[in-house]
Amino acid sequence: MKILAIESSCDETAAAVVENGRTVLSNIVASQIDEHRLYGGVVPEIASRRHVESISGVVGEALSAAGCTLYGIDAVAVTYAPGLIGALLVGVSYAKGLSMYTGKPLVPVHHIAGHIAANYITHPELEPPFLCLVVSGGHSHIVWVESYTEYKVIGRTRDDAAGECFDKVARVLGYPYPGGKYIDEAAKKCSKTAFKFPHPKVSGGEFDLSFSGLKTAVINLVHNSRQRGEELSREDVAASFQKTVSDILGEKTEAAAKSLGCKKIVVAGGVSANSGVRAKMKKVSDSLGAELFMPELRYCGDNAAMIGAQGYYDFLAGRRADESLNAVATLSLEDISMKTEDRK
Ligand code: KG4
Ligand code: ZN
């Protein structure tokens, strides 16, 4: 079964054709990041306008790269939540139009479920249940994935998302937006222990995360040393910061995996591209004797192939939408879970 998938929840206009949820026939991503970088972050109004301009071309390219036409596909999947509302609406409206025109079923896909499903592409043998650390620019969750369509969020950030924290720290260090990958590059070059940053104390919610204290500690260090006219190696700060984030994510995931007795650990979202996070998760899973699954780098960030992968399993579970489908800016994974088994 071939699914044409569309993703426009933030600043990437993306389309892909995916076969049976696992085989990517095409994957086209048009990034707007060069334009948003001028403003130090994504400007929602600009994002919506650029999606409108790009979407026909990107979908056309995805179909031709896959060697098929609109009539050769079996369903249209689209990200409808969560994300920037104006940006989501472009993809949703376009997908609705395609579905009505061709008569093919329309499958609404949750963006975070898509990030998790990126792992089904990279690892054809991966099947739920598993524990997933989801770390992106907008979300940081520890999720129990019971089946392809059932989720239990057992830990979540109380404040900033991990990617957001990377980007804010990168900004104060003078790196371009989005700064996660620049911190990663800098961290490869130098000392990981030059600075000691705090680990958050999160009361209640055993597996909850928090990054605002860490972010403030880095910002204060940089500002204070500037005020004193002291030289600070931004590579050392970047490396120490990345090590702290990786340790926090690793420790929480380890605690959750131990508590659930889980031997399959999955990582997903833009921050899963980070080399420090990947190395830490490898250590954690080795020490637990657990299998580790992480997406190939090209499927870590936003793309439509992951939406096609999840769209397949949503289709099999009977999820469908019609022309009344709307975009939703905020929607928990648990709210779309088709049958949640209470694990904790
Ligand atoms: O999943 P994603 O593409 O978009 C959202 O759904 O939010 O994640 C984007 C986030 C950004 O914050 C970006 O800085 C971060 O992922 N990111 C990284 C790396 N590559 C992307 N963070 C740390 N290290 C990286 N190598
Ligand atoms: Zn994303």
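Every number for a ligand or one of its atoms is a count from 1 in the order of the listing. These values consider heavy atoms only, across backbone and side chains, with no hydrogens, waters or symmetry-generated copies. None of these values were measured; they are calculated from a predicted model.
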Checklist entry - Which residue and non-hydrogen atom of the protein lie closest to atom 22 (N) of ligand 1, and at what distance in Å? => result G180 CA, 3.4 Å
Checklist outcome for this item: Judged by heavy atoms only, the candidate from R278, H111, Q242 nearest atom 6 (O) of ligand 1 is H111
Checklist entry - Taking the six-membered ring of Y313 as reference, does the NZ or CZ atom of R319 fall below 6.0 Å from its centre and within a 45° cone about the axis? => result no
Checklist entry - So between D184, V134, D167, whose heavy atom ends up nearest atom 14 (O) of ligand 1? => result D167
Checklist entry - Numbering the atoms of ligand 1 from 1, which are under 4.0 Å from a heavy atom of K181? => result 19 (C), 25 (C), 26 (N)
Checklist entry - Parallel, tilted or perpendicular: which fits the ring planes of H111 and H115, with parallel below 30° and perpendicular above 60°? => result perpendicular
Checklist entry - What orientation do Y148 and Y120 show, parallel under 30°, tilted 30 to 60°, or perpendicular over 60°? => result perpendicular
Checklist entry - Looking at atom 23 (C) of ligand 1, what's its closest protein heavy atom, distance included? => result N274 ND2, 3.4 Å
Next on the checklist: Starting from atom 3 (O) of ligand 1, what is the nearest protein heavy atom, named by residue and atom, and what distance separates them?
Outcome noted: D302 N, 3.1 Å
Checklist outcome for this item: Which of H51, E53, R49 passes side-chain contact (heavy atoms from CB on, under 4.5 Å) with V90? Answer is H51
Item to check | Element-labelled atoms of ligand 1 that are located less than 4.0 Å from some non-hydrogen atom of G138 | outcome: 7 (O)
Checklist entry - If you measure from atom 20 (N) of ligand 1 to every heavy atom of G163, A162, A118, G270, which option wins on shortest distance? => result G270
Next on the checklist: If the cut-off is 4.0 Å to any non-hydrogen atom of G137, which atoms of ligand 1 fall inside it?
Outcome noted: 5 (C), 7 (O), 8 (O), 9 (C), 10 (C), 12 (O)
Item to check | ligand 1 atoms in contact with G301 (distance to a heavy atom under 4.0 Å) | outcome: 3 (O)
Checklist entry - Any donor and acceptor pair, going by atom type alone, linking the side chain of H141 with main-chain N or O of V143 inside 3.5 Å? => result no
Checklist entry - Any side-chain heavy atom of R298 within less than 4.5 Å of one from N303? => result no
Checklist entry - Taking the six-membered ring of Y177, is the NZ or CZ of R171 close enough (under 6.0 Å from the centre) and on axis enough (within 45°)? => result no
Next on the checklist: Tell me which N, O or S atom from D302 is the closest to the Zn ion (ligand 2).
Outcome noted: OD1
Item to check | Test applied, ring pair (Phe, Tyr, Trp, His ring centres under 6.0 Å); reference residue, F166; option that passes from Y175, F241, Y182 | outcome: F241
Next on the checklist: At under 4.0 Å between heavy atoms, is it the side chain or the backbone of H139 that contacts ligand 1, or both, or neither?
Outcome noted: neither
Checklist outcome for this item: Between H115 atom NE2 and H111 atom NE2, the angle centred on the Zn ion (ligand 2) rounds (to 10°) to 100°
Checklist entry - With atoms numbered from 1 as shown, which atoms in ligand 1 lie under 4.0 angstrom from a non-hydrogen atom of H115? => result 1 (O), 6 (O)
